[in-house]
Undergrad: 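The structure is given below, and queries will be raised subsequently.
Quick note: numbers below take in every heavy atom, side chains included, and nothing from hydrogens, waters or symmetry partners. Residue numbering restarts at 1 for every chain, and letters A, B, ... go by the order of the sequence lines.
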Protein chains: 2
Amino acid sequence: MEKELDDRKWTILKAIIKTYLETGEPVGSRTISKFPDLNLSSATIRNEMSDLEELGLILQPHTSSGRIPSDAGYRLYVDRMLAEKDAEVEKMKSAMVQKEAVLIERQDKMELLLKSVVRYLAVNTNYATMITSPQYHRTKLKFIQLSVIDEGQILATVVAEGNVVKNRVIHMEHGLNHDMVLEMNILLNSRLNGLTIEEINLGTIARLKEEAGIHSNLISEVLDAVADAISREEDVEVYTSGATNIFKYPELSSDTEKASGLIGAFEEKHPLLTLLGEKETSGNGIQVTIGRELNNEDMKDCSVVTASYDMGGGIYGKIGIVGPKRMDYDKVVGILKEVTDQLDRIYGKSGSSNTDQIGQGPGDNAY
Amino acid sequence: MEKELDDRKWTILKAIIKTYLETGEPVGSRTISKFPDLNLSSATIRNEMSDLEELGLILQPHTSSGRIPSDAGYRLYVDRMLAEKDAEVEKMKSAMVQKEAVLIERQDKMELLLKSVVRYLAVNTNYATMITSPQYHRTKLKFIQLSVIDEGQILATVVAEGNVVKNRVIHMEHGLNHDMVLEMNILLNSRLNGLTIEEINLGTIARLKEEAGIHSNLISEVLDAVADAISREEDVEVYTSGATNIFKYPELSSDTEKASGLIGAFEEKHPLLTLLGEKETSGNGIQVTIGRELNNEDMKDCSVVTASYDMGGGIYGKIGIVGPKRMDYDKVVGILKEVTDQLDRIYGKSGSSNTDQIGQGPGDNAY
DNA sequence: GTTAGCACTCCAATAAAACGAGTGCTAACA
DNA sequence: TGTTAGCACTCGTTTTATTGGAGTGCTAAC
C-alpha cells in the first residue's frame with residue numbers, strides 16, 4: 001500500500017529540514033521528538049521517519065545515522081514555502097507602504113549600483129552572489145552622433161533610452177570630410193530614431209544601405225560598425241561577490257577539489273550566465289534550483305536562487321545566489337524580493353520620475 | 001668567526017632551492033649529495049647546510065627534518081637570477097629579431113586584450129594573475145564633444161590620444177539651447193586641446209571658469225563634470241585570472257582559512273592595487289616580493305612578481321603574478337618579459353604604426 | 001496507534017604503535 | 001684540515017586498535 005504525506009508527516013519533515021538547515025548535521029528522532037508542536041516519543045518519530053524515507057523525502061547518509069533531506073525533500077519544502085510567500089505578498093499588496101529605500105541610494109553609475117547590490121546580498125546572506133548587467137534588447141534609440149577624430153577615423157556615439165551610451169571608433173579606408181559625416185548623421189538619425197535595438201536588425205541596415213546610393217561603400221562601413229556597436233551580445237557583464245562565503249559551509253569546502261571547482265566557476269562569465277539564464281522567468285520571478293537539478297557536477301551540493309529585476313524600458317537583468325543545499329531559502333527569497341522590488345521601484349516603470357545617469361555601466365567612462 | 005657564502009655553498013643553496021621549488025618538500029642532505037655537479041657525501045652536505053642555516057638562508061621546519069629556503073634565501077636566489085637574466089638580455093639585444101607576435105593578435109578592445117593576457121599568464125604559469133587597465137595621466141586630449149540629449153541633459157564625450165573615449169551625462173538645472181552648447185564646445189576645445197590629463201588640473205579649470213564670464217554658472221557645471229570624467233581615479237580596473245590555481249599548492253590551500261583569505265583578496269580591487277602599486281617601477285621593471293616582504297598576513301606564504309607594460313603616450317599599467325614562495329621565478333620572469341615586450345612592441349612607441357581602437361576599454365560600449 | 005526497552009551499527013575521536021626520513025655527532029681516513 | 005662512514009636519536013606521519021556515543025530497528029507491552 002502506498003504511504004502518503006499526511007499532515008503529521010509534513011510537520012515532521014519541516015522540523016527535520018529546519019533543524020538540518022541550521023546545524024548541517026543529520027538529525028535524529030530524539031531531536032525531533034522534543035519539537036514544541038509535536039508531542040510524540042522518539043520511537044513514533046522513528047516510524048514516521050521510516051515512512052518519509054520510503055517516500056524519498058529524506059535519507060540516511062549511512063545505516064543508523066540521523067536523516068538529512070533529499071533533493072526531493074528540499075524541493076517540496078521550497079515549493080510550499082514559495083507558495084506561502086506569494087499568498088502573503090498578495091495579501092499585503094493593498095496595504096503596502098512605499099518603504100524608505102535604505103539599501104540603494106541613487107547611484108550615478110549602473111556599474112557601481114550593481115556592484116553594491118551584489119555585495120549587499122553577499123554580506124547579508126553569507127552566500128555567493130552574482131548579478132548580470134542589464135540587457136537592452138527592447139531599449140529605444142535616442143540618437144547617434146558621428147564625430148571626426150582625424151582623417152581616417154570617426155567616432156560613433158550611440159545613445160539609447162535610459163541614457164545608455166555606447167562608443168565605437170570606426171576606421172575608414174577612404175578619406176572623409178565633414179559634410180559627408182554630417183549627411184550620414186542626418187540619415188542615421190532620421191531612419192533609426194525611436195526604434196528598439198531589437199528592431200534594428202540586418203534587414204533595416206540593408207534597406208538603409210540601399211537608400212544611401214552614392215556613398216554606399218562608405219556608409220556601409222559605418223553602418224556595420226554602428227550595428228555592431230548597438231547589438232553586441234558580449235556586452236553582458238556578470239558581477240560577483242562573496243565567492244569565499246562557500247568556505248563557511250564545510251560540506252562545500254572540506255574537499256579542496258570541490259571548493260576549487262566552485263570558486264573556479266565564479267571566475268568565468270560563461271558558466272554563470274548559464275546558471276542564471278537556463279530557466280525562463282515565471283511567476284513572481286524567483287526560482288530555486290536544487291542540487292542535481294543544476295546539471296552541473298561541480299555544483300551538485302549547491303542550490304541556486306535566481307531572480308530578475310526589471311528597470312523598465314526593456315532594461316532587465318538577473319540575480320543569482322549560490323549556497324549549500326541547506327541554504328536558508330526563506331531568508332534568501334525574502335531578501336531577493338526586497339532587493340528586486342527596490343530596483344524595480346527606484347528605476348522601474350512605477351518610479352517613472354527618473355532614468356538619468358542610468359546605464360553608464362562599465363562605460364560612463366569608455367576608455 | 002663569520003661564515004661566508006663561498007662558491008660551493010652557493011651551489012648547494014641553489015640545489016636546495018631548485019629541488020624545493022619542484023617538490024615543495026623539505027630537502028635532505030642525501031638528495032643534494034646526489035646532485036650531478038656536486039661530488040660530496042651527505043655528511044659533508046650536512047655540514048654545509050648547517051653553515052647555510054647559520055647564515056639565515058635556509059631553515060628547518062622542525063628538528064631533524066630537511067631544509068627549506070628562508071625568505072632571505074629566496075631573496076638571494078631571485079636577485080642573482082634577475083641579474084643573470086639582465087646580462088643575457090643585454091647580450092642578446094643586438095641580435096634581437098622581431099619575433100612573430102603569436103600570443104596577441106591585435107584585438108579591437110583593450111578590455112578583451114587585457115583579459116586574454118591575464119588568462120594567458122594564468123594558464124601558462126599555473127599561478128594567480130592580475131593586470132590593471134591602463135592609467136592615462138599623461139595622455140593628451142584630442143577633443144571634447146558636447147551633445148544635447150534633451151532639455152536638461154547633455155552628453156559629454158571626451159576623446160584622448162590612443163582613442164581613449166569617456167562619456168558622461170550631465171544633468172543641468174537650467175534649460176539650455178544649442179548655441180550655448182556650441183559655444184562651450186569651442187571654448188573647451190580651444191583651451192584644453194593637446195593638454196595631458198595631468199595638466200588639466202583644478203587651476204586650469206578655475207581659469208576657464210573665470211574667462212567664461214557670462215554663463216559662468218552653467219559652464220561651471222559642465223566643466224566640473226568634464227573634469228570629473230577626465231580624471232576619475234576609480235576608472236582603474238583590475239582583471240584577474242586563475243585565482244583557483246592556488247589550490248594547486250598545498251602550502252597555500254591545505255589550511256582552509258588561509259585559502260579563503262587568499263581567494264578573498266582576489267575578489268577585491270583595492271588590496272590588489274596595493275599589491276601592484278606599492279613598489280615603483282625600476283630597472284627592467286620586474287619586481288619580486290617575497291613572503292613577509294609583502295606586509296600582508298594573508299599572503300605571508302606567497303610571492304608576487306610584478307611588471308609594467310607601457311603602451312606609449314602615457315598609457316601604462318601593471319601586471320602581477322601571485323604564487324607560493326616556491327614559485328618558479330625563472331619561468332615567471334621569462335614569461336612576463338615576453339608578454340610586456342609584446343605589449344610594448346605592438347602598441348608601444350616603437351611600434352608607432354598604430355594606436356587605433358586602443359583604449360576602448362570597459363567602455364567601447366558605454367552602457 | 002503509541003511507547004519503553006534493548007541489542008546492534010557505524011562514525012568519530014583518542015590513544016598507541018610502527019615507520020622512516022633526516023639530523024647531529026663522533027671517530028676514522030686521506 | 002677537509003671529507004666520510006657509522007650510529008643513536010628526533011620527530012612528524014601513517015597505521016592500527018580502542019573506546020564512546022548517537023541513532024536506528026525491532027519487539028513487546030500499554
Side-chain angles (χ1 to χ4, degrees), chain A residues 1 3-13 15-17 19-20 22-35 37-70 73 250-251 254-255, chain B residues 1 3-13 15-17 19-20 22-35 37-70 73 250-251 254-255:
Chain A
M1 195 186 87
K3 298 268 168 46
E4 76 177 66
L5 190 76
D6 57 30
D7 243 30
R8 194 170 75 176
K9 284 189 176 46
W10 170 238
T11 311
I12 293 175
L13 179 61
I16 294 174
I17 295 184
T19 311
Y20 185 69
E22 276 170 29
T23 65
E25 306 270 293
V27 355
S29 53
R30 240 180 87 73
T31 314
I32 298 304
S33 76
K34 283 181 200 139
F35 239 70
D37 1 358
L38 255 20
N39 224 355
L40 299 166
S41 74
S42 61
T44 311
I45 303 288
R46 276 202 291 282
N47 291 332
E48 294 288 46
M49 278 178 160
S50 181
D51 291 351
L52 285 170
E53 188 162 6
E54 216 170 299
L55 286 166
L57 297 172
I58 56 178
L59 44 84
Q60 280 181 300
H62 53 86
T63 333
S64 84
S65 86
R67 306 306 212 285
I68 63 175
S70 69
E251 66 264 46
S254 61
D255 176 10
Chain B
M1 194 187 85
K3 297 269 166 48
E4 77 177 68
L5 188 75
D6 57 30
D7 244 28
R8 194 170 74 176
K9 283 189 177 44
W10 171 238
T11 311
I12 293 175
L13 180 61
I16 294 174
I17 295 185
T19 311
Y20 185 69
E22 278 170 29
T23 64
E25 306 271 290
V27 356
S29 54
R30 241 178 86 73
T31 312
I32 298 303
S33 76
K34 284 180 200 141
F35 239 70
D37 0 356
L38 255 21
N39 223 356
L40 299 166
S41 73
S42 61
T44 311
I45 302 290
R46 277 203 289 283
N47 291 331
E48 294 288 47
M49 278 179 159
S50 180
D51 291 352
L52 284 171
E53 188 162 7
E54 216 170 301
L55 287 165
L57 298 172
I58 55 178
L59 44 83
Q60 282 182 298
H62 54 86
T63 334
S64 86
S65 86
R67 306 306 213 285
I68 65 176
S70 70
E251 66 265 47
S254 60
D255 176 10

Undergrad: Using a 4.0 Å heavy-atom cut-off across all strands, classify A/T44 as base, sugar-phosphate, or nothing.
TA: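 Base, at least one base atom sits under 4.0 Å.
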
Undergrad: Find the distance A/Q60:CD to D/dA22:P and express it as a whole number of Å.
TA: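 Atom CD in A/Q60 sits about 17 Å away from atom P in D/dA22.
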
Undergrad: Between atom NZ in A/K9 and atom C1' in C/dT2, what is the gap in whole Å?
TA: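 Going from A/K9 (NZ) to C/dT2 (C1'), I get 14 Å.
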
Undergrad: Of the nucleotides D/dT10, D/dG12, C/dT2, which has the atom closest to the B/T63 side chain?
TA: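 Of all the options, the side chain of B/T63 is nearest to D/dT10.
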
Undergrad: What I'd like to find out is whether the side chain of B/F35 reaches to under 4.5 Å of the side chain of B/T11, using heavy atoms alone.
TA: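 Result no, sub-4.5 Å side-chain heavy-atom pair not found.
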
Undergrad: Between protein and nucleotides 25-30 of chain C, map the contacts as a letter string: B base, S sugar-phosphate only, - none, heavy atoms under 4.0 Å, written 5' to 3'.
TA: B-----

Undergrad: To check you understand the geometry: which heavy-atom pair defines the closest contact between B/P69 and B/I17, and what is its length?
TA: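 That would be CG-CG1, 3.8 Å.
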
Undergrad: Just the rounded figure in Å: distance from P of C/dT23 to CD1 of B/I58.
TA: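 To the nearest whole Å, that distance equals 9 Å.
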
Undergrad: Out of C/dT23, C/dT9, C/dT3, which has the shortest distance to the side chain of A/S64?
TA: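 Between C/dT23, C/dT9, C/dT3, the one nearest the side chain of A/S64 would be C/dT9.
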
Undergrad: Would you kindly give the CD-to-P distance between A/E53 and D/dG23, to the nearest whole Å?
TA: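 Going from CD in A/E53 over to P in D/dG23 covers 15 Å.
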
Undergrad: Need the pair for C/dT14. Rule: Watson-Crick or G-U wobble, both distances under 3.5 Å, any strand; none if unpaired.
TA: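 The answer is D/dA17, by the H-bond criterion.
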
Undergrad: How many whole angstroms separate atom CD1 of A/I45 from atom P of C/dT2?
TA: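 Distance, rounded to whole Å: 10 Å.
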
Undergrad: What is the pairing partner of C/dG5, taking Watson-Crick or G-U wobble pairs with both distances under 3.5 Å in any strand?
TA: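 Checking every strand shown, C/dG5 finds its partner in D/dC26, with both distances under 3.5 Å.
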
Undergrad: Any heavy-atom pair between the side chains of B/L40 and B/R8 that's under 4.5 Å?
TA: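 Counting from C-beta outward, B/R8 and B/L40 do come under 4.5 Å.
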
Undergrad: Among residues 22-35 of chain A, which ones have heavy-atom contacts with DNA chain C below 4.0 Å?
TA: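 Under 4.0 Å from DNA chain C: no residue of residues 22-35 of chain A.
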
Undergrad: Return the value, rounded to whole Å, for the distance between atom NE2 of A/H62 and atom C1' of D/dT24.
TA: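 Spelled out: NE2 on A/H62 to C1' on D/dT24 is 11 Å.
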
Undergrad: Compare all side-chain heavy atoms of B/I68 with those of B/L59 and state whether any distance is below 4.5 angstrom.
TA: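 Yes. Closest side-chain heavy atoms under 4.5 Å.
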
Undergrad: Separation of B/M49 atom CE from C/dG22 atom P, in whole Å?
TA: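 After rounding, the reported distance stands at 9 Å.
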
Undergrad: How long is the straight-line distance from CD1 of A/I12 back to CZ of A/R67, given to the nearest 0.5 Å?
TA: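 One finds 11.5 Å between CZ of A/R67 and CD1 of A/I12.
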
Undergrad: Looking at B/R67, does any N or O in its side chain come under 4.0 Å of the phosphate oxygens OP1/OP2 on C/dT23?
TA: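 Affirmative; the distance criterion is met.
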
Undergrad: Please confirm whether the shortest side-chain N or O distance from B/R8 to OP1 or OP2 of D/dT3 is below 4.0 Å.
TA: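 Affirmative; the distance criterion is met.
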
Undergrad: Going through the distances and angles, do A/L5 and A/D51 end up as a side-chain contact (heavy atoms from CB on, under 4.5 Å)?
TA: CA-CA 9 Å; A/L5 190 76; A/D51 291 351; over 6 Å; no

Undergrad: Would you please test A/I16 and A/M49 for side-chain contact (heavy atoms from CB on, under 4.5 Å) and show each step?
TA: CA-CA 9 Å; A/I16 294 174; A/M49 278 178 160; 3.9 Å; yes

Undergrad: Of all residues at least two apart in sequence or in a different chain, which pass the side-chain contact (heavy atoms from CB on, under 4.5 Å) check with B/N39?
TA: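 If we apply the side-chain contact (heavy atoms from CB on, under 4.5 Å) test to B/N39, skipping adjacent residues, there are no hits.
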
Undergrad: State, yes or no, whether a side-chain contact exists between A/S41 and A/T44 at a heavy-atom distance under 4.5 Å.
TA: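 Yes - at least one pair of side-chain heavy atoms lies under 4.5 Å apart.
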
Undergrad: Evaluate whether atom CG of A/D6 has more than 12 neighbouring non-hydrogen atoms of other residues, nucleotides or ligands under 6.0 angstrom away.
TA: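 Check passes, neighbour count above 12.
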
Undergrad: Tell me: CD1 of B/I68 to C1' of C/dG22, nearest whole Å?
TA: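 Rounded to whole Å, this separation is 15 Å.
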
